[in-house]
Amino acid sequence: MKNYDHKKIEKKWQNEWEKKKIYQAKDPSTSSGRVAGKKFYSLIEFPYPSGEGLHVGHIRSNTAMDIISRKRRMEGYNVLYPIGWDAFGLPTENYAIKTGKKPAIVTKKNTDTFRRQLKALGYSFDWSREINTTDPKYYKWTQWIFLQLFKKGLAYKAKSFINWCPSCKIGLANEEAVGGVCDRCGSKTEKREKKQWMLAITKYADRLDKDLNLVDYPERVKTQQRNWIGKKNGVSIKFDDIEIFTTRPETIFGATFVVVAGEKDKFTGRYVTNPATKEEIPVWEAEYVMAEVGTGAIMGVPADDARDREFAEKYNLPIVENYKKAGFEDFGKKFTHFKLRDWVFSRQRYWGEPIPIISCEKCGLIPVPEKDLPVKLPEVKSYKPTDSGESPLASISKWVNTKCPKCKGKAKRETDTMPNWAGSSWYYLRYTDPKNSKEFASMKNLKYWLLGSSAPKREPSSQEGGVDWYNGGMEHTTLHLLYSRFWHKFLYDLKLVPTAEPYQKRTSHGMILGEGGVKMSKSVGNVVNPDEIVKTYGADTLRIYEMFMGPFEESVAWNTESIIGSRRFIEKVWRIGNKFLKQKNSSGLTLPGVPSGTHTVQNSSISKILNKTIKKVSEDIENMHFNTTISAMMILTTEMEKALEKGQTLNPQKGLALSIEDYKKFLQILAPFAPYITEELWRMLGEKNLIDLSSWPKWDENLVKDQEITIAVQINGKVRTEIIIQMNEEEEEVKKKALSDQTVLKYLIDGHPKKIIYVKNKVINILP
RNA sequence: GCCCAGGUGGCGGAAUUGGUAGACGCGAUAGACUCAAAAUCUAUUGAUGGCAACAUCAUGAGAGUUCGAUUCUCUCCCUGGGCACCA
């Protein structure tokens with residue numbers, strides 16, 4: 001038996017798919033604004049094209065969504081499964097600093113590698129819509145959206161303390177400097193005062209919190225976003241000129257002191273009046289009260305709050321028990337505190353979108369006119385940022401010095417660039433209309449892809465919709481996912497997008513760890529190169545392996561030794577297909593020549609297992625239970641091969657154990673997982689069209705149900721034997737069967753059990 | 001400290017409206033084929049005892065509810081992730 005030659009076959013079908021363009025999504029036509037059939041927009045987080053090439057973690061997410069996309073196509077959907085590059089960012093720039101190579105050239109090289117690797121894996125991306133955030137035609141619109149934010153006052157420059165990383169020489173967003181540590185390099189960050197561009201995401205805090213009710217996200221994602229936004233309902237109360245914030249205003253009669261934010265614990269020497277008790281109480285400063293939370297001041301209720309009590313005991317402040325309870329708003333007014341801060345949006349770096357603002361001494365900050373967009377990144381000699389905290393762009397005086405668009409006087413360009421989160425905040429919109437030069441995407445296409453197949457009828461005010469299914473990493477929950485929701489809502493308010501939320505359904509894959517369960521990293525040297533796996537085992541094997549290795553949403557350790565199991569499965573599928581061919585040749589039968597749908601075929605044991613498997617695969621894919629799906633298909637192949645061994649294949653008179661029709665149905669449900677081998681076998685068995693263009697098989701409910709079933713017989717709750725019964729057999733009959741069983745008789749003392757519990761079609765428990 | 005997700009063989013993991021724990025895969029052991037190896041196939045593979053039939057124990061620990069608990073309740077331990085003098 002010739003082994004499966006994955007190299008030859010994979011190349012062949014890659015070419016064929018590319019030639020036939022079968023994965024290109026159809027936009028609504030100009031005339032009707034409609035495309036026949038239902039649409040489906042599936043999305044993965046577009047990769048950052050790093051110099052290391054594709055990571056096995058990318059493959060996990062991409063393969064999962066590829067399986068779903070391929071299944072949807074076979075179910076008759078017009079599927080959009082796009083790909084692009086989130087190519088601005090620090091690693092490329094650092095590489096440029098080290099080697100002097102232009103970031104654009106490095107990016108080109110890296111995207112070429114990624115593209116080759118992704119194509120090798122057989123993903124059904126619509127490559128005609130490929131986008132790149134560093135392409136001026138793309139970032140023109142990133143800048144354009146920024147200008148809209150600026151015009152609405154949501155982008156502003158403010159002097160503020162920022163998280164400064166002394167190693168990267170860059171200001172970081174709060175989200176990137178959690179715990180005072182730089183997200184990128186792990187260095188301790190410093191607080192530096194600097195004028196920064198900020199985006200007023202806090203203006204959307206309440207809606208970002210509330211609208212989580214509109215979307216289908218995993219609970220852990222929603223919880224994490226809610227915690228990050230940190231909405232807290234309370235009351236602000238004036239103690240003379242000091243306004244305090246509390247979530248427990250009913251305890252105000254117990255307040256015996258006030259604490260305002262400070263560096264060290266100390267009495268300020270002043271007293272204020274408690275509006276409830278009318279008593280004079282002391283004002284303290286303390287570290288444990290933070291300026292940025294609430295109003296930066298609290299009332300101390302030592303009788304009710306453990307931390308206040310500790311403070312009171314330490315400084316001998318009075319503690320009253322048994323005080324009167326107040327109503328919620330008796331002494332103050334409702335005040336909602338959000339933990340979320342505005343988004344620090346500028347970076348002192350080269351490799352990012354220039355911020356399209358011109359600073360004029362007379363006119364102030366003036367937006368670059370839209371007709372002058374994009375503001376292109378100029379060529380620069382050195383990519384190194386300076387210690388003074390200025391972007392390398394600041395050194396190009398020819399570029400920096402310009403005319404004020406308003407007064408035509410001397411003016412300077414903004415030299416800070418945008419963070420890498422900018423381009424990714426709206427990229428899913430661009431995919432719907434990637435070549436549009438007049439707008440970031442046409443409303444017609446946005447409506448079609450975001451609202452659904454009946455969309456053209458609906459008004460843009462409709463709130464429902466978004467990308468149908470978006471899979472990505474948990475690490476983006478409080479970054480990209482939150483940022484893009486904010487941008488989307490802003491565009492929604494401008495009536496530029498048709499939905500209130502960007503993504504209808506979000507799922508998250510678990511991380512792939514290195515062997516032994518440690519994180520994969522270059523320094524540990526445990527990074528797996530997908531190219532080598534594809535070369536040795538083939539793309540189908542790698543896809544199957546990554547889907548089989550564990551539950552999709554949980555992290556799992558890589559194990560090269562285990563890949564062979566997935567390869568063996570592929571080989572088995574290949575062997576079975578080749579046995580059909582052999583029999584075809586020796587028997588002279590033409591394929592497909594076996595009468596399908598005959599009684600014998602329908603009732604064979606393989607048909608039963610097949611129909612059960614179709615059902616399981618169809619349902620489990622929707623829940624992303626890929627591991628159990630593959631397990632079921634493995635069992636089916638083992639059974640099919642056994643049936644073939646018995647030599648009953650192609651003789652209809654003898655009652656078919658495995659018909660070629662059944663085998664083809666199996667190929668169809670395997671196709672989304674292993675597109676190459678199934679395409680090849682499909683063609684070999686006489687099909688003229690591509691397997692991807694065939695219809696997803698349906699299961700026969702009658703064949704899924706068993707007539708005879710085996711149930712466990714327990715004595716005192718312990719399984720002692722099992723009996724075969726008819727499905728839904730009468731309880732009395734089952735009891736009779738169980739009580740006449742040899743093993744059961746052994747346990748019965750006098751033949752009269754105390755009690756019998758029968759759970760229909762499942763178990764019978766006898767208490768002797 | 002708080003919130004979320006977990007803890008099952010040598011390993012990755014199946015199984016939950018409470019109903020045969022360990023599916024499927026890896027690894028391991030033995031055998032078939034082969035000059036040999038690889039590949040493939042077959043059998044065995046949670047632990048203990050037994051030639052065997054079989055029995056006992058076993059899903060982080062301990063208790064509870066139940067005819068019956070990996071699944072439900074309580075207490076505790078551990079791992080991963082998130083938040084944190086948060087008023």
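Chain letters run A, B, ... following the sequence lines, proteins first, then strands; residues in each count from 1. The figures here come from the full heavy-atom set of this structure, side chains too, leaving out hydrogens, waters and symmetry mates.
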May I ask you to say whether A:Arg270 pairs ionically with A:Glu285, meaning some side-chain N is under 4.0 Å from a carboxylate O? no

What does B:A69 pair with, Watson-Crick or G-U, if both distances are under 3.5 Å? none

Considering only atom P, compute the distance from B:A39 to B:U29 and round it to an integer number of Å. 13 Å

To the nearest angstrom, how far is A:Leu636 atom CG from B:C24 atom C1'? 13 Å

Under 3.5 Å donor-acceptor, A:Asn559 side chain and A:Glu561 backbone: yes

From A:Glu639 atom CD to A:Thr613 atom OG1, the distance as rounded to the nearest 0.5 Å: 9.5 Å

Which nucleotide in the list B:G27, B:C86, B:C67 gets nearest to the side chain of A:Arg307? B:C86

Is any side-chain N of the basic residue among A:Arg248 and A:Glu250 closer than 4.0 Å to the acidic one's carboxylate O? yes

I'd like the C1' distance from B:U20 over to B:A37, given in whole Å. 43 Å

So what does A:Met299 hit on the nucleic acid, given a heavy-atom distance under 4.0 Å: a base, only sugar-phosphate, or nothing? nothing

Nucleotide opposite B:A15 in a Watson-Crick or G-U pair, distances under 3.5 Å: none

Base partner of B:G80, which must satisfy Watson-Crick or wobble distances under 3.5 Å: B:C4

Sequence-aligned protein contact record of nucleotides 10-22 of chain B, with B where the base is within under 4.0 Å of a protein heavy atom and S where only the sugar-phosphate is: --BSSS---BB--

Under 3.5 Å for both donor-acceptor distances, Watson-Crick or wobble: does B:C41 have a partner, and if so which one? B:G31

Using 4.0 Å as the upper bound for N to carboxylate O, is an ion pair formed by A:Lys737 and A:Glu729? yes

Rounded P spacing from B:U8 to B:C54 in Å: 30 Å

Distance in angstrom units between A:Tyr747 OH and B:C67 C1', rounded: 16 Å

May I ask you to say what A:Val301 touches in the nucleic acid, namely base, sugar-phosphate or nothing, with a heavy-atom cut-off under 4.0 Å? nothing

Let's test this: given Watson-Crick or G-U wobble pairing with both distances under 3.5 Å, identify the partner of B:C26. B:G10

Should A:Tyr4 be listed as having a side-chain N or O under 4.0 Å from OP1 or OP2 of B:A39? no

From B:G25, B:C26, B:A55, pick the nucleotide closest to the side chain of A:Arg720? B:A55

Taking a pair as Watson-Crick or G-U wobble with both distances under 3.5 Å, which nucleotide is matched to B:C57? B:G46

Judged by whether its glycosidic angle lies within 90° of 0, B:G12 is anti

Just the rounded figure in Å: distance from P of B:C85 to CZ of A:Phe311. 17 Å

Within the structure shown, what part of the strands sits under 4.0 Å from A:Ile630 by heavy-atom distance: base, sugar-phosphate, or nothing? nothing

When the P atoms of B:U71 and B:G81 are considered, how many whole Å apart are they? 26 Å

Nearest-Å distance for atom pair CG/P, residues A:Asp620 and B:A23: 18 Å

Side-chain donor/acceptor of A:Thr637 to backbone N/O of A:Met633, under 3.5 Å: yes

5'-most contact on RNA chain B: A:Ala291 or A:Ile564, nearest heavy atom basis? A:Ile564

In whole angstrom, give the distance that lies between atom CZ of A:Arg567 and atom P of B:C26. 14 Å

Between B:A69 and B:A58 - P atom distance, rounded Å: 11 Å

Quick one: sort the A:Tyr503 and A:Tyr470 rings into parallel, tilted or perpendicular, breaks at 30° and 60°. tilted

Is the ring pair A:Phe245/A:His337 parallel, tilted or perpendicular, if the boundaries are 30 and 60 degrees? tilted

Give a yes or no answer on whether the side chain of A:Asp342 reaches the backbone of A:Ile201 with a donor-acceptor pair at less than 3.5 Å. yes

Whom does B:C51 pair with, Watson-Crick or G-U wobble, provided both distances fall under 3.5 Å? none

Determine the Euclidean distance between corresponding C1' atoms of B:U66 and B:G18; express it in Å to zero decimal places. 9 Å

Pairing of A:Glu731 and A:Lys760 as salt bridge, 4.0 angstrom limit: no

Kindly say if A:Arg575 contacts the phosphate of B:C41, meaning a side-chain N or O under 4.0 Å from OP1 or OP2. yes

Under 4.0 Å between a side-chain N or O of A:Lys339 and OP1 or OP2 of B:A84? yes

Say you pick atom P in B:C76 and the same atom in B:C26; how far apart are they, in whole Å? 43 Å

According to a strict under-4.0 Å criterion, is A:Arg568 in side-chain N/O contact with OP1 or OP2 of B:U40? yes

Distance between C1' atoms of B:C72 and B:U59 (Å, rounded): 16 Å

Mind calculating the distance between NZ (A:Lys222) and C1' (B:G81) to the nearest angstrom? 20 Å

A:Leu767, nearest nucleotide to its side chain (from B:C24, B:C67, B:C3): B:C67

Quickly work out the A:Ile609 CD1 to B:C24 C1' distance and round it to whole Å. 14 Å

Provide, to the nearest angstrom, the distance between the CG atom belonging to A:Asp305 and the C1' atom belonging to B:G1. 13 Å

Taking only side-chain nitrogens and oxygens of A:Lys642, does any of them come within less than 4.0 Å of OP1 or OP2 of B:U42? no

